[in-house]
Engineer: 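Once you've had a glance at the structure underneath, I'll fire off some questions.
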Amino acid sequence: MEIKIGVQHTPREITLESNQSTTEVEKLVADALSGESRLLSLTDERGRKVLVPAERLAYVELGEPTVRKVGFGAL
């Protein structure tokens with residue numbers, strides 16, 4: 001799943017591909033925003049961790065990855 005994270009006072013967003021489920025990511029975001037944890041911690045598909053301070057979260061966008069078309073052909 002593709003996850004985009006907006007961080008306050010930062011012009012670029014963080015984009016990562018994760019094997020975590022949508023419900024799992026939603027729970028982690030809700031916990032971070034409710035104050036239960038001070039960091040939003042997500043793991044990408046290569047096992048790397050992304051840590052974002054909860055007070056700096058602007059938005060989190062969840063979606064399916066887009067399939068890139070390669071080659072030539074009629075659309």
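For the numbers below, each heavy atom of this structure counts, side chains included, while hydrogens, waters and symmetry mates do not. Count residues from 1 along the sequence.
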Engineer: Is it the case that the side chain of Ser18 and the backbone of Thr43 share a donor-acceptor pair, with hydrogens and angles ignored and the cut-off at 3.5 Å?
Structural biologist: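 Looks like yes, one N/O pair under 3.5 Å.
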Engineer: May I ask you to test the Met1-Thr22 pair for a side-chain heavy-atom distance under 4.5 Å?
Structural biologist: yes
Engineer: If you apply the rule side chain to side chain contact (heavy atoms under 4.5 Å, CB included), what do you find for Gln20 with Leu28, and how did you get there?
Structural biologist: CA-CA 11 Å; Gln20 294 174 296; Leu28 291 170; 3.7 Å; yes
Engineer: Hey, mind stepping through Leu42 and Lys49 against side chain to side chain contact (heavy atoms under 4.5 Å, CB included) and telling me if it holds?
Structural biologist: CA-CA 6 Å; Leu42 300 172; Lys49 284 201 173 248; over 6 Å; no
Engineer: Run the numbers on Glu61 and Glu13 for side chain to side chain contact (heavy atoms under 4.5 Å, CB included), then give the verdict.
Structural biologist: CA-CA 10 Å; Glu61 182 180 315; Glu13 62 189 12; 5.5 Å; no
Engineer: Only pairs at least two apart or in different chains count here, so list each salt bridge (charged side-chain N to carboxylate O under 4.0 Å, His left out) that has a residue in residues 38-47.
Structural biologist: Asp44-Arg48
Engineer: I'd like to check the side-chain contact (heavy atoms from CB on, under 4.5 Å) partners of Val50; sequence neighbours left out, ordered by chain and number.
Structural biologist: Ile14, Leu16, Val52
Engineer: I'd like to check the side-chain hydrogen bond (donor to acceptor under 3.5 Å, both in side chains) partners of Thr23; sequence neighbours left out, ordered by chain and number.
Structural biologist: Ser21
Engineer: Tell me whether Leu39 shares a hydrophobic cluster with Leu57, the cluster being built from Ile, Leu, Val, Met, Phe, Trp, Tyr side chains joined at under 4.5 Å.
Structural biologist: no
Engineer: For residues 22-32, pull every pair meeting salt bridge (charged side-chain N to carboxylate O under 4.0 Å, His left out), keeping only residues two or more places apart or in separate chains.
Structural biologist: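 Listed by first then second residue: Lys27-Asp31.
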Engineer: Look at the side-chain heavy atoms of Ile, Leu, Val, Met, Phe, Trp and Tyr, link any pair under 4.5 Å apart, and say whether Ile3 and Tyr59 land in one connected group.
Structural biologist: no
Engineer: Nearest 0.5 Å, what's the CZ-CD1 distance between Arg56 and Ile5?
Structural biologist: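 Going from CZ on Arg56 over to CD1 on Ile5, the span is 15.5 Å.
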Engineer: State which residues pass side-chain contact (heavy atoms from CB on, under 4.5 Å) with Ser37; sequence neighbours excluded, sorted by chain then number.
Structural biologist: Ala32
